[in-house]
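Notes for the one structure printed next.
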2 protein chains.
Amino acid sequence: MTEQTPNAPPAEDPPLSVGQRPQTRIQLRNTKAILEAALDVFSQYGFRGSTLDQIAQAAGLSKPNLLYYFPSKEAIHVALLSGLMEVWLAPLYALDADGDPRDEIMGYMRRKLEMSREMPRESRLFANEVLQGAPRFLDGIEGELKTLVDAKAAIIATWSQQGKIAAIDPYHLIFSIWSLTQHYADFDVQVRTILGPKRDSFAEAETFLETLFSRLLVP
Amino acid sequence: MTEQTPNAPPAEDPPLSVGQRPQTRIQLRNTKAILEAALDVFSQYGFRGSTLDQIAQAAGLSKPNLLYYFPSKEAIHVALLSGLMEVWLAPLYALDADGDPRDEIMGYMRRKLEMSREMPRESRLFANEVLQGAPRFLDGIEGELKTLVDAKAAIIATWSQQGKIAAIDPYHLIFSIWSLTQHYADFDVQVRTILGPKRDSFAEAETFLETLFSRLLVP
DNA sequence: TGATGGTTTGACCATTCGGGCAGAATAGAC
DNA sequence: GTCTATTCTGCCCGAATGGTCAAACCATCA
């Protein structure tokens, strides 16, 4: 429940004046509440499927009050996306070129699965956005994400060439980690329905993915 | 009042393949055009993100004319979903208990990947729906889908126990096939952006997934 | 050719939605 | 307590949106 997200409030979106205002306690509390509520709503209904009224109600504010802190619905969405970007990419940033190849990749997979379990809303938020062509997020994908993936893929490629892991395409390895881990968050309803209420999908997923990637990485 | 004419235009049946109503040529053509257009629109924008005007325009019809063939926006969506269900599940239906275990599973994976390549709109349609909690499709998931998966998982479990393939959870194996193949359709924008325009994501995916599942299945 | 029933449309409606605005309420410094 | 900048709200608006309906259109066949 407790969000310990180290996200800085949207530095690019000071509510009122153009000049950078020092955030008051109220501003901080409300922008936080708004982003939290928006995460709830956007991740469940997508951008167009969500309404300002929904978000306002979830945040315990009136609609005009919402618009006092953010200039538009889209601004909230963008603020959310970019604010969560670094959190979302942190596990991949942590992949260390100097670590043990197998451990690093398995660790990345584990952290990603952990994030799917702990932050399913964030996962669905990004999934919704990308699914619909990332109309408000292409910049992020083309920029920071691509840069990061390119860098880490290069590291993995080196490991491959050195025979420390199997000779597989590093990009598709990363894709496979994304898809397999996020699947349990994004398609949670489906997974749970098929597995039934008694099974712990994430616990089982961990075992399964451990096996899968162990076998995949063996040189 | 042509309110509930029993033999008239489709009130609730999938007009395409299943319906055996005495359909006019015009009815057939237009319902087909509507569902085709709706697939385009719904798969791109999700249910709430799509408008009747969009669908009508894509189908080359007027909005009232749309509503002459389908009673509501939701009816179109449901008709689409249920109409496509059998197509979507066909690859899994084809998994044969009497075939060679490895071939059957690898074949299923290949057919699924092929479907992601050939029918990305359908993939995104289901993805959108499930992502948002499958509000209009839970029946399908709880019913036909779960039944089918249970049946095929049992087959795979047998193969596992007989040592013909690795001892892995059959449900998660199926999930992994879904997630890895559909990822290339659902997150197409992301995949293409990261790989760049010159690389053929699906061709590479085939190679990669071939390796991945070969290694995973080995007893 | 005229009758008939399926097909199409323009005009319309109620609701919802994103957003604007003036002014009231309030917090915090003095 | 006063004052001021910040925060909040009631009320409004124009544009979309899902959906309705009576009338018009048109293909077909007796």
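Naming: A, B, ... by sequence-line order, numbering from 1 per chain.
- When the side-chain nitrogen and oxygen atoms of Ser62(B) are compared with OP1 and OP2 of dT8(C), none of them lie within a distance under 4.0 Å.
- Taking atom CG of residue Leu28(B) and atom P of nucleotide dA27(D), one finds them 18 Å apart after rounding to whole Å.
- Nearest nucleotide to the Gln27(A) side chain, out of dT6(D), dT9(C), dC8(D): dT6(D).
- For the pair Arg25(B) and Phe47(B), nearest-nucleotide mapping onto DNA chain D gives the more 5' position to Phe47(B).
- With hydrogens and angles disregarded, no donor-acceptor distance shorter than 3.5 Å links the side chain of Lys73(B) to the backbone of Thr51(B).
- When rounded to the nearest whole Å, the span between CG of Leu66(B) and P of dT7(C) equals 14 Å.
- Listed here is the closest heavy atom pair of Phe202(B) and Ala185(B): CZ-N, 4.2 Å.
- Taking atom CG on Leu61(A) and atom P on dT9(D), their separation rounds to 8 Å, with Å as the unit.
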Protein-nucleotides 19-22 of chain C N/O pairs closer than 3.5 Å?
residue	atom	partner	partner atom	Å
dG19(C)	OP2	Lys73(A)	N	2.8
dG19(C)	O6	Lys63(A)	NZ	3.4

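- A sub-4.0 Å separation between OP1 or OP2 of dT7(D) and a side-chain N or O of Asn65(A) is absent.
- For the pairing with Glu129(B), the salt bridge (charged side-chain N to carboxylate O under 4.0 Å, His left out) check across Arg48(B), Arg124(B), Arg136(B) returns one residue only, Arg136(B).
- Residue Tyr45(B) contributes atom OH, which lies 16 Å from atom C1' of dA16(D) at whole-angstrom precision.
- Using a 4.0 Å heavy-atom cutoff across all strands shown, Arg48(B) reaches sugar-phosphate atoms only and no base atom.
- Look at CD1 on Ile26(B): it is 8 Å from C1' on dC26(D), rounded to the nearest Å.
- For the pair Glu104(B) (side chain) and Asp96(B) (backbone), a donor-acceptor distance under 3.5 Å is present.
- Between Arg29(A) and Asp53(B), the residue anchored nearer the 5' end of DNA chain D, judged by the nucleotide with its closest heavy atom, is Arg29(A).
- Taking only side-chain nitrogens and oxygens, Tyr68(B) never comes nearer than 4.0 Å to OP1 or OP2 of dT8(C).
- A salt bridge is defined here as a Lys NZ or Arg NE, NH1 or NH2 lying under 4.0 Å from an Asp or Glu carboxylate O, and Glu36(A) with Arg121(A) meets this definition.
- Residue Thr51(A) places its side chain closer to dC17(C) than to any other of dT7(D), dG18(D), dC17(C).
- Counting to the nearest Å, the P atom of dT17(D) and the CD1 atom of Ile55(B) are 11 Å from each other.
- Phe187(B) has its ring centre no less than 6.0 Å from the ring centre of Phe175(A).
- The 12-atom threshold is exceeded at CZ of Phe47(B), counting heavy atoms of other residues, nucleotides or ligands nearer than 6.0 Å.
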